Enquirer: 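I'd like to ask you about the structure that follows.
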Amino acid sequence: MTAKKKPKVYITRKLPDAVETRMRELFDAELNIDDAPRSVPELMTAVRTADVLVPTVTDRIDAALIDAAGPQMKLIASFSNGTDHIDVEAAARRGITVTNTPNVLTEDTADMTMALILAVPRRLGEGARVLTDKPGEWAGWSPTWMLGRRIHGKRIGIVGMGRIGTAVARRAKAFGLSIHYHNRKRVNPAVEDELEATYWESLDQMLARVDIVSVNCPSTPATFHLISARRLALLQPTAYLVNTARGDVVDESALIKSLREGKIAGAGLDVFENEPAVNPKLVKLANEGKVVLLPHMSSATIEGRIDMGDKVIINIRTFIDGHRPPNRVLPGR
């Protein structure tokens, strides 16, 4: 009896060893050992022969790439929660299924969001650099040195009260913050009661009244520059903005201008509008202590990455076995 042929799976980036090992056991998997981002020509070549493409958020899977795929490619199993890097509608037109890896990064991202909420007002980055950049120059404790802002008792405004936004709210409440949120629709009343949360139908009205803004909504055409220059101008000069969602939700140029002019107190960013490029003006502001910058690492835990890999594998196996994969992404969703 002839053994069933393994599907050819092309993986664009290096994944955790445990995930790659399982991929090799189950599929004819082509790995990216050196983890160098694949070029467009390399991806074009891959989709002409692969049965399954496993991209990440750093890969742009646009209509041109999808149209170049061979007839055998029927699945794009993305190693990511978001799918804004994939033209899902173009894939649907070609009869290609798209899947993602939702619900495994909620706690990790919420943890890092809370870390930035603490780091910016309490000047953690500045304090750490005093000891590492100029060793021996610290003169010791002083009553008026390195004063930050207390977060207990402040109001946090969460933009996007999905799973991550709700997880951020739970952490923020434990730190004594008052929870305010803006969402397309109100959350379950039981959750709202648990968090003692105030719902704002108007994002503008919420922004004008909170001390900390946490951006936790997905990147979609509707949320592009949702936090615009006009909306940044609504913030109080003592307010802080934290973004662990997607860089293009915030108008980065307008944010830089607000920070430079002292229109807001500071910002904590884990994502950027033109990743992996980081605006040099943001770097300068970080050196001046007005912003804390992280290299898109809010979801970077070993446990989270392995969980993502497990979901990719389940999606591929389910699809290859002729069933609808559990994390299918539909056009317009």
Side-chain angles (χ1 to χ4, degrees), residues 13-16 19 35 37 55-59 78-85 100-125 128 151 156-175 177 179 181 183 212-220 223-224 226-227 240-250 252 255 266-279 282-283 285-286 290-312 327:
R13 299 297 296 267
K14 178 165 177 55
L15 304 182
V19 175
D35 200 30
T56 71
V57 293
T58 61
D59 304 299
S78 189
F79 186 88
S80 66
N81 182 35
T83 54
D84 48 293
H85 58 298
N100 65 341
T101 60
N103 309 334
V104 296
L105 304 177
T106 299
E107 304 304 328
D108 297 330
T109 304
D111 284 346
M112 191 63 83
T113 303
M114 199 65 218
L116 284 172
I117 289 170
L118 287 165
V120 181
R122 294 303 306 273
R123 305 173 66 179
L124 300 190
I151 68 166
I156 183 171
I158 296 173
V159 182
M161 196 72 156
R163 290 184 178 87
I164 293 173
T166 302
V168 170
R170 289 196 171 100
R171 286 159 173 75
K173 186 174 185 293
F175 276 83
L177 286 153
I179 309 302
Y181 76 97
N183 207 40
I212 299 168
V213 177
S214 178
V215 179
N216 299 107
C217 60
S219 173
T220 69
T223 62
F224 178 78
L226 180 68
I227 308 301
Y240 300 90
L241 182 140
V242 170
N243 186 9
T244 57
R246 285 289 185 268
D248 62 8
V249 177
V250 178
E252 198 168 274
L255 175 63
L269 306 175
D270 185 49
V271 289
F272 307 93
E273 196 164 346
N274 299 298
E275 289 184 30
V278 178
N279 192 313
L282 277 176
V283 176
L285 286 167
K290 295 180 180 178
V291 61
V292 174
L293 307 178
L294 296 176
H296 201 148
M297 56 187 285
S298 63
S299 63
T301 68
I302 294 169
E303 297 87 350
R305 294 289 189 254
I306 291 176
D307 287 346
M308 290 172 70
D310 289 343
K311 277 189 176 280
V312 170
N327 304 123

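A quick note: this is a predicted structure, and the numbers were derived from the prediction, not measured. Residues: numbered from 1 along the sequence shown.
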Enquirer: Are the side chains of M112 and I117 in contact, using a 4.5 Å heavy-atom criterion?
Expert: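 A side-chain contact is absent here, since even the closest heavy-atom pair is not under 4.5 Å.
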
Enquirer: To check you understand the geometry: which heavy-atom pair defines the closest contact between N81 and P102, and what is its length?
Expert: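 Closest heavy-atom pair between N81 and P102: OD1-CA, 3.2 Å.
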
Enquirer: Working to the nearest 0.5 angstrom, can you tell me the gap between K311 NZ and I306 CD1?
Expert: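 Rounded to the nearest 0.5 Å, the NZ-CD1 separation comes out at 15.0 Å.
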
Enquirer: Has the side chain of D307 got a donor or acceptor atom that lies under 3.5 Å from a matching backbone atom of V104?
Expert: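 No, D307 side chain to V104 backbone: no donor-acceptor pair under 3.5 Å.
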
Enquirer: Got V213 and V242 here, is their nearest side-chain heavy-atom distance under 4.5 Å?
Expert: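 When only atoms from C-beta onward are counted, V242 and V213 do not touch, as no gap falls below 4.5 Å.
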
Enquirer: Please round to the nearest 0.5 Å and tell me the distance separating atom CE of M308 and atom CD of E303.
Expert: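 Reported value, rounded in 0.5 Å steps: 13.5 Å.
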
Enquirer: So, the side chain of T244 versus the backbone of T113: is there a donor-acceptor pair under 3.5 Å, distance only?
Expert: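 No.
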
Enquirer: As a quick check of understanding, evaluate side chain to side chain contact (heavy atoms under 4.5 Å, CB included) for V312 and T101, giving each step before the final call.
Expert: CA-CA 7 Å; V312 170; T101 60; 3.6 Å; yes

Enquirer: Can D111 and R171 be said to form a side chain to side chain contact (heavy atoms under 4.5 Å, CB included), step by step?
Expert: CA-CA 8 Å; D111 284 346; R171 286 159 173 75; 2.8 Å; yes

Enquirer: Checking L177 against M114 for the side chain to side chain contact (heavy atoms under 4.5 Å, CB included) test, could you report, in this order, the C-alpha distance in whole Å, the side-chain angles of both residues, the deciding distance, and whether it holds?
Expert: CA-CA 11 Å; L177 286 153; M114 199 65 218; 4.2 Å; yes

Enquirer: Heavy-atom count check: over 12 atoms from other residues, nucleotides or ligands less than 6.0 Å from R163 CZ?
Expert: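 No, CZ of R163 has 12 or fewer neighbouring heavy atoms, counting only those of other groups under 6.0 Å.
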
Enquirer: Can you find a pair of side-chain heavy atoms, one from P218 and one from D84, that are under 4.5 Å apart?
Expert: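 Contact flag for P218/D84 side chains = no.
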
Enquirer: Exactly one of D35, D59, T56 should register a side chain to side chain donor-acceptor pair (under 3.5 Å) with R13. Which one does?
Expert: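 The passing option is D35.
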
Enquirer: So L15 and F79, do their side chains get closer than 4.5 Å, heavy atoms only?
Expert: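 When only atoms from C-beta onward are counted, L15 and F79 do touch, with a gap below 4.5 Å.
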
Enquirer: Under a 4.5 Å cut-off applied to non-hydrogen side-chain atoms, are F272 and L293 in contact?
Expert: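 Yes, side chains in contact.
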
Enquirer: Does S78 have any side-chain hydrogen bond (donor to acceptor under 3.5 Å, both in side chains) partners at least two apart in sequence or in another chain, and if so, which?
Expert: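 Partners of S78 under the side-chain hydrogen bond (donor to acceptor under 3.5 Å, both in side chains) test: S80, H85.
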
Enquirer: Is it the case that the side chain of T223 and the backbone of L226 share a donor-acceptor pair, with hydrogens and angles ignored and the cut-off at 3.5 Å?
Expert: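 No: the side chain of T223 does not pair with the backbone of L226.
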
Enquirer: Okay, side chain of T109, backbone of T106: is any donor-acceptor separation there less than 3.5 Å?
Expert: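 No.
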
Enquirer: So S298 and D108, do their side chains get closer than 4.5 Å, heavy atoms only?
Expert: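 D108 vs S298: side chains apart.
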
Enquirer: Under 3.5 Å, is there a donor-acceptor pair between the side chain of D270 and the main chain of H296?
Expert: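 Looks like yes, one N/O pair under 3.5 Å.
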
Enquirer: If you round to the nearest 0.5 Å, how far is CG of D248 from OG1 of T220?
Expert: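 So the gap between those two atoms works out to 8.5 Å.
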
Enquirer: Roughly how far, to the nearest 0.5 Å, is SG of C217 from CE of M161?
Expert: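 Rounded to the nearest 0.5 Å, the CE-SG separation comes out at 13.5 Å.
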
Enquirer: Would you say the side chain of N279 lies within less than 4.5 Å of the side chain of N274, judging by non-hydrogen atoms?
Expert: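 Not touching, per the 4.5 Å side-chain cut-off.
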
Enquirer: Side chain of E273, backbone of G247: donor and acceptor closer than 3.5 Å?
Expert: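 It does not hold such a pair.
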
Enquirer: Without swapping roles, check the side chain of R305 against the backbone of S299 for a donor-acceptor pair under 3.5 Å.
Expert: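 Indeed, once roles are kept as given, a pair shorter than 3.5 Å links the two residues.
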
Enquirer: Compare all side-chain heavy atoms of L294 with those of L269 and state whether any distance is below 4.5 angstrom.
Expert: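 With C-beta onward as the side chain, the pair stays apart.
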
Enquirer: Quick check for you: to the nearest 0.5 Å, what is the distance between I156 atom CD1 and I151 atom CD1?
Expert: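 I156 atom CD1 to I151 atom CD1 measures 8.0 Å (nearest 0.5 Å).
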
Enquirer: Between T83 and N100, does the side-chain hydrogen bond (donor to acceptor under 3.5 Å, both in side chains) criterion hold? Intermediate values first, please.
Expert: CA-CA 7 Å; T83 54; N100 65 341; 5.5 Å; no

Enquirer: Roughly how far apart are N327 CG and N103 CG, rounded to 0.5 Å?
Expert: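 CG of N103 is found 7.5 Å from CG of N327.
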
